[in-house]
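Treat the numbers as computed from the prediction; the structure is a model and nothing was measured.
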Amino acid sequence: MKKTSFIAFTLCFLMASMFAEKKLSIAVTFDAMEELTKAVVKDLADVSLIIPEGMEPHEAEPTPQNLIFLSNADVLIYNGFGMEFYLAKVLKATNNKNLVLVEATKGIKPIMIEEDHDEDHEEEEEHESHHHHHHGNIDPHAWLSLQSARVMVKNIGISLSKLDKKNAKEYNKNANLYIKQLDKLYSEYAKKIKNLKNKNLVASHAAFAYLCRDFGLMQNSITDVFAEGEPNAKQLVALVEYCKKHNVKTIFSEEVANQALAQTLSSEVGGKVVKIYTIETKEDDMSYLKRMEENLKRIYENLK
């Protein structure tokens, strides 16, 4: 009798487990998307990257292993603005007809990439036309703006709430709490940066236009939006002159950037190189909010 009861209990447990509602399966395209998505879902959904961890997302493409996850995922959350140049090809390959696409940047005003038509750079222009064909003409780095991040988090929260009504209340609650943290950080540095006399930010990689738009800063850089190519001698001289004219003593550079060029430029202007985060891959075991806070702190401290 006891044995029969045990078997019946085990069968009921297994059946209950089988019919329990499974978590949403969410694919994301790179670290910032993963961070913002996890801020909304906490442990209510399974979130997985579709490009190899540590790979530079401007050039990386999903591996076959990543595509297996995507082929069974419920949702794909992506940045948009041309960041995920591989998307159409990947979606065709996975053929997941039930996949719901969430473009995080929906509703954000894009920043267009300025074309360089200098007649001395024929070879460079050929390269430029190639990469604009590859990536598009929009600067994709919206996630490096706190103002844009709040829109992205809101978009993610709204989309997931529609898909997973059981957890909609939690998604909205989490999104709103995170937006409050973004707003608090923005307010703190908006006041500080507003009073700066020097508002010229020079970076190794032109990734900070949206951040600069938030705070009324002017961006100049060694390499372009997609960190492709290197400046020629004429461009480097112009950048040195720009730094001297505007009393720029700090070159902000992420770890994956060309450190030699950043060091050369800083030496020419008698300055230094300061680390900054692009949040495209995992960095220093720090959250999105912590890295954004560090970025703003370092920018403020070095421009004042």
Side-chain angles (χ1 to χ4, degrees), residues 23-63 65-66 69-70 73 76-79 83-84 104 140-150 152-153 156-157 160 170-171 174-175 177-186 188-189 192 201 203-205 207-208 210-211 214 223 227 250-259 262-263 272-302:
K23 292 181 178 180
L24 271 184
S25 179
I26 304 173
V28 292
T29 50
F30 62 98
D31 186 62
M33 294 302 99
E34 182 178 31
E35 287 268 340
L36 298 180
T37 299
K38 285 184 173 179
V40 174
V41 305
K42 304 290 188 184
D43 60 351
L44 296 173
D46 295 320
V47 180
S48 182
L49 283 169
I50 65 163
I51 62 169
E53 180 56 61
M55 296 269 305
E56 214 287 322
H58 285 305
E59 296 299 335
E61 296 189 41
T63 64
Q65 187 176 0
N66 298 128
F69 179 87
L70 185 59
L76 171 63
I77 296 174
Y78 67 104
N79 183 75
M83 180 69 176
E84 294 88 355
H141 298 90
W143 67 90
L144 287 168
S145 151
L146 293 171
Q147 295 288 76
S148 294
R150 77 186 314 280
M152 298 168 98
V153 169
I156 292 167
L160 295 182
E170 284 299 306
Y171 293 142
N174 294 341
L177 284 172
Y178 199 75
I179 286 169
K180 283 182 180 178
Q181 293 180 74
L182 294 169
D183 288 346
K184 183 182 176 183
L185 184 58
Y186 172 77
E188 178 187 350
Y189 278 93
K192 291 181 176 180
L201 185 153
S204 58
H205 165 203
F208 302 96
Y210 291 90
L211 183 152
D214 276 0
T223 60
T250 301
I251 312 303
F252 295 97
S253 181
E254 71 266 36
E255 282 187 341
V256 296
N258 189 322
Q259 295 296 317
Q263 291 292 348
K272 60 184 176 180
V273 176
V274 171
K275 185 175 180 178
I276 198 167
Y277 298 104
T278 57
I279 320 183
E280 294 177 0
T281 61
K282 295 192 184 303
E283 302 155 302
D284 294 346
D285 197 28
M286 292 165 68
S287 69
Y288 172 89
L289 268 171
K290 186 60 183 173
R291 281 178 283 177
M292 284 301 296
E293 183 180 3
E294 283 297 314
N295 280 352
L296 293 172
K297 179 182 176 183
R298 293 172 193 184
I299 289 168
Y300 173 70
E301 290 294 331
N302 286 283

From L146 atom CG to L211 atom CG, the distance as rounded to the nearest 0.5 Å: 7.0 Å
Modelled atom types, side-chain donor and acceptor of T29 and E84, under 3.5 Å: yes
In short, ring-ring contact (aromatic ring centres under 6.0 Å, His included) pairs touching residues 32-54 with sequence neighbours left out are none
Could you tell me whether the side chain of V41 reaches within less than 4.5 Å of the side chain of I156, counting heavy atoms only? no
Which atoms form the tightest heavy-atom contact between E254 and S204, and what is the distance? OE1-OG, 3.3 Å
Are the side chains of E283 and I279 in touch, meaning some heavy atoms are under 4.5 Å apart? yes
Restricting to non-hydrogen atoms, name the atom on D214 and the atom on Y186 that form the minimum distance, rounded to 0.1 Å. O-OH, 3.4 Å
Of the non-hydrogen atoms in I51 and P62, which two are nearest, and what is the gap between them? CG2-N, 3.9 Å
D284 and R291, any side-chain heavy atoms less than 4.5 Å apart: no
State plainly whether the residues K282 and E34 are in salt-bridge range, i.e. N to O under 4.0 Å. yes
Does L144 reach the side chain of F208, with side-chain heavy atoms less than 4.5 Å apart? yes
Candidate pair K23 and L44, rule side chain to side chain contact (heavy atoms under 4.5 Å, CB included), full reasoning: CA-CA 6 Å; K23 292 181 178 180; L44 296 173; over 6 Å; no
NZ-OG1 distance between K42 and T37, expressed to the nearest 0.5 angstrom: 12.5 Å
Will you find, in the side chains of S287 and E35, an N or O donor that is under 3.5 Å from an N or O acceptor? no
Side chain to side chain contact (heavy atoms under 4.5 Å, CB included) between F252 and N295, worked out: CA-CA 9 Å; F252 295 97; N295 280 352; over 6 Å; no
Starting from the C-alpha separation in whole Å, work towards a yes-or-no answer on side chain to side chain contact (heavy atoms under 4.5 Å, CB included) for N174 and E170. CA-CA 6 Å; N174 294 341; E170 284 299 306; 4.3 Å; yes
According to the ring-ring contact (aromatic ring centres under 6.0 Å, His included) rule, which pairs have a member within residues 24-56, sequence neighbours left out? F30-W143
Whether over 12 other heavy atoms sit under 6.0 Å from K184 NZ: no
Hey, mind stepping through D31 and Y277 against side chain to side chain contact (heavy atoms under 4.5 Å, CB included) and telling me if it holds? CA-CA 12 Å; D31 186 62; Y277 298 104; over 6 Å; no
For the residue pair H141 and H205, establish whether any side-chain heavy-atom pair is separated by less than 4.5 Å. yes
CG of D285 to NZ of K290, rounded to nearest 0.5 Å, is 12.5 Å
Does K192 reach the side chain of L296, with side-chain heavy atoms less than 4.5 Å apart? no
Closest approach of A45 to I26 (non-hydrogen atoms, all atoms of both residues): CB-CD1, 3.6 Å
For M152, run the side chain to side chain contact (heavy atoms under 4.5 Å, CB included) check against L182, I179, I77, L36 and tell me which one passes. L36
Would you please classify the geometry between the Y300 ring and the Y189 ring as parallel, tilted or perpendicular, with 30° and 60° separating the classes? perpendicular
Lys/Arg N to Asp/Glu carboxylate O, K297 vs E301, below 4.0 Å: no
When rounded to the nearest 0.5 angstrom, what is the spacing between OG in S48 and CG in L76? 11.0 Å
For the side chain of N79 and the backbone of P140, is there at least one donor-acceptor N/O pair under 3.5 Å apart? yes
What one should report as the nearest heavy-atom pair of L70 and A27 is CD1-CB, 3.6 Å
Using a 4.5 Å cut-off on heavy atoms from C-beta on, say whether the side chain of R150 contacts that of D183. yes
Output for pair (L289 CG, L185 CG), nearest 0.5 Å, gives 6.5 Å
Non-hydrogen atoms of S145 and Y288 that approach each other most closely: O-OH, 3.9 Å
